[in-house]
Amino acid sequence: MKDLNKLIIANWKMNPQTKKDAEIVFSKIASFLKNKKRVDVVICPPFPFLFIKDKIKNKILHLGSQDVFFEKEGSYTGEVSASMLKNFGTEFVIVGHSERRDLGETNQNINKKILSSLQAKINPIFCVGEKKRDVNGFYLSFIKEQLHFGLEGVAKAQMKNVVIAYEPVWAIGSNALREATPVEFMEMKIFIKKVVADLYDMKTANDIRIIYGGSVNPLNALSFLKEGEADGLLVGRDSLNVKKFSQIINLSVAL
Ligand code: PGA
């Protein structure tokens, strides 16, 4: 794999509740990142707070959104297009997060969202993950199916812009069953690479970033990056805590 920076992504979900708090968290992270190198940080705030990056110029701090609609424009009440996001300076978009799948997001729509993001030159962070693991390994075919559906029609040349986030649903959020282990991630990374290599080729599989998400915190972040060889992390709860999120960034810079 090319020597890419680790990608540390903040998924703010439906937080914080005020514009002021969003600005405070964002500017604190931005000033923490001054003079930092060898890491790429992506903040994914809720849509109304996408303006927060406007005044801040920093090469390693990027803006992401938590969703996108797949149509280009028109009568789609409540939806936001990829070109609107691009116009706001959005470089990444989370697609297929399990919390959106729970709200009815289908594999087909996820695929259309990935395609429309790529067309608008936004890098999709494509989330896959099983709800539970079984001893027979059926969860692997589940992940394979998510990947096959999601990547349908994505050209080989576009794959370098796709980030795949493995987020086991059982390890996400405050109701998590338990934390995943770096070894579990590493095995899944190999499996995802194999699926991508079968769909495209080995070089394509080696060049994409495969990151981990699910209860990432300052105590486990390093083990996922080092032992698990994660190319980055998708952080939920701890991304709104400036101290903890800065610690996670520092661990990845130190690698
Ligand atoms: P968590 O969320 O870090 O709070 O588990 C991760 C995610 O949902 O992306």
Side-chain angles (χ1 to χ4, degrees), residues 4-16 19 21-23 25-30 32-33 36 39-70 79-101 105 110 113-129 150 154 158-167 172 208-214 216 221 230-242 245-246 248-249 252:
L4 293 173
N5 290 341
K6 297 287 183 204
L7 191 58
I8 308 297
I9 302 170
N11 177 7
W12 284 6
K13 306 192 179 183
M14 206 167 71
N15 303 296
K19 175 175 174 254
D21 283 347
E23 284 174 321
V25 178
F26 192 85
S27 61
K28 281 188 179 165
I29 294 168
F32 167 77
L33 286 177
K36 288 256 183 304
V39 64
D40 282 308
V41 175
V42 183
I43 308 288
C44 304
F47 287 137
F49 301 149
L50 282 172
F51 70 89
I52 49 177
K53 194 172 179 294
D54 271 4
K55 290 184 220 93
I56 297 173
K57 297 256 173 301
N58 183 320
K59 277 205 182 110
I60 62 169
L61 180 57
H62 309 270
L63 189 65
S65 85
Q66 299 173 19
D67 194 19
V68 61
F69 193 53
F70 47 79
E79 298 294 355
V80 174
S81 73
S83 58
M84 288 173 188
L85 292 173
K86 183 74 186 172
N87 193 250
F88 257 81
T90 306
E91 294 171 74
F92 291 83
V93 56
I94 299 173
V95 181
H97 191 281
S98 61
E99 287 158 10
R100 294 219 55 82
R101 291 182 192 258
E105 183 88 291
I110 289 166
K113 290 179 175 189
I114 289 175
L115 293 173
S116 65
S117 310
L118 287 167
Q119 206 176 21
K121 303 260 178 296
I122 299 178
N123 307 311
I125 301 158
F126 172 27
C127 299
V128 297
V154 176
Q158 292 176 308
M159 280 301 285
K160 60 177 184 313
N161 300 315
V162 176
V163 177
I164 297 179
Y166 171 59
E167 294 212 307
I172 296 178
I208 57 167
R209 291 201 268 204
I210 304 174
I211 68 172
Y212 172 75
V216 172
D231 301 314
L233 301 166
L234 180 46
V235 189
R237 278 157 297 162
D238 280 4
S239 69
L240 281 139
N241 179 319
V242 177
F245 192 59
S246 310
I248 294 171
I249 294 168
S252 59

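All residue numbers in this chain count up from 1 along the given sequence.
Not a single donor-acceptor pair under 3.5 Å links the side chain of Asn241 to the backbone N or O of Asp238. No side-chain donor-acceptor contact under 3.5 Å links Ser239 to the backbone of Ala10. Not one N or O on the side chain of Lys53 forms a donor-acceptor pair closer than 3.5 Å with the backbone of Thr90. Side chain of Arg101 to main chain of Val128: no donor-acceptor pair is present (N/O by atom type, distance under 3.5 Å, no hydrogens or angles).
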Side-chain polar contacts of residues 113-122 - donor-acceptor pairs under 3.5 angstrom, sequence neighbours left out - could you list them?
unit_1: Lys113; atom_1: NZ; unit_2: Asp67; atom_2: OD1; d: 3.0
unit_1: Lys113; atom_1: NZ; unit_2: Asp67; atom_2: OD2; d: 3.4
unit_1: Lys113; atom_1: NZ; unit_2: Val68; atom_2: O; d: 3.3
unit_1: Lys113; atom_1: NZ; unit_2: Glu105; atom_2: OE1; d: 3.2
unit_1: Lys113; atom_1: NZ; unit_2: Glu105; atom_2: OE2; d: 2.9
unit_1: Ser116; atom_1: OG; unit_2: Lys112; atom_2: O; d: 3.3
unit_1: Ser116; atom_1: OG; unit_2: Lys113; atom_2: O; d: 3.2
unit_1: Ser117; atom_1: OG; unit_2: Lys113; atom_2: O; d: 2.6

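Remark: Met84 pairs with Val80, Ser81 by the side chain to side chain contact (heavy atoms under 4.5 Å, CB included) rule, at least two apart or across chains. Phe69 meets the ring pair (Phe, Tyr, Trp, His ring centres under 6.0 Å) test with Tyr76; sequence neighbours excluded. In this structure, the ring pair (Phe, Tyr, Trp, His ring centres under 6.0 Å) partners of Phe92, at least two apart in sequence or on a different chain, are His62. With sequence neighbours excluded, the residues forming a side-chain hydrogen bond (donor to acceptor under 3.5 Å, both in side chains) with Asp21 are Thr18, listed by chain and number. For Lys13, the side-chain hydrogen bond (donor to acceptor under 3.5 Å, both in side chains) test picks out Glu99, with sequence neighbours left out.
Considering all non-hydrogen atoms of both residues, Val216 and Leu234 come closest at CG2-O, 4.0 Å. Contact between Gly129 and Tyr166 at its shortest, heavy atoms only, is CA-CE1, 4.0 Å. Across all non-hydrogen atoms, the minimal contact from Asn123 to Asn161 is CB-O, 3.2 Å. Listed here is the closest heavy atom pair of Ala30 and Asn58: O-ND2, 3.9 Å. Across every non-hydrogen atom of Gly214 and Glu167, the tightest pair is N-OE2, 3.9 Å. Of all heavy-atom pairs spanning Val42 and Leu63, the tightest one is CG1-C, 4.0 Å.
In this structure, CD1 in Ile43 is found 4.0 Å from CD1 in Ile29, a value given to the nearest 0.5 Å. Atom CG of residue Asp40 and atom CG of residue Leu61 lie 10.0 Å apart, to the nearest 0.5 angstrom. Atom CD1 of Ile9 is separated from atom CD1 of Ile211 by 3.5 Å, given to the nearest 0.5 angstrom. Atom CG of Leu33 sits about 5.0 Å away from atom CD1 of Ile249, to the nearest 0.5 Å. One finds the CZ atom of Arg209 at 9.5 Å from the CD1 atom of Ile125 (value rounded to the nearest 0.5 Å).
Taking the side chain as every heavy atom from C-beta outward, Phe26 and Ile56 approach each other to under 4.5 Å. Taking 4.5 Å as the limit, every side-chain heavy atom of Leu7 sits out of range of all side-chain heavy atoms of Asp231. Using a 4.5 Å heavy-atom threshold, the side chains of Ile52 and Pro45 count as touching.
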Open item on the list: Checking His97 against Gln66 for the side chain to side chain donor-acceptor pair (under 3.5 Å) test, could you report, in this order, the C-alpha distance in whole Å, the side-chain angles of both residues, the deciding distance, and whether it holds?
Closed with: CA-CA 8 Å; His97 191 281; Gln66 299 173 19; over 6 Å; no
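Sparse packing is recorded around CZ of Phe88, with 12 or fewer heavy atoms of other residues, nucleotides or ligands lying under 6.0 Å away.
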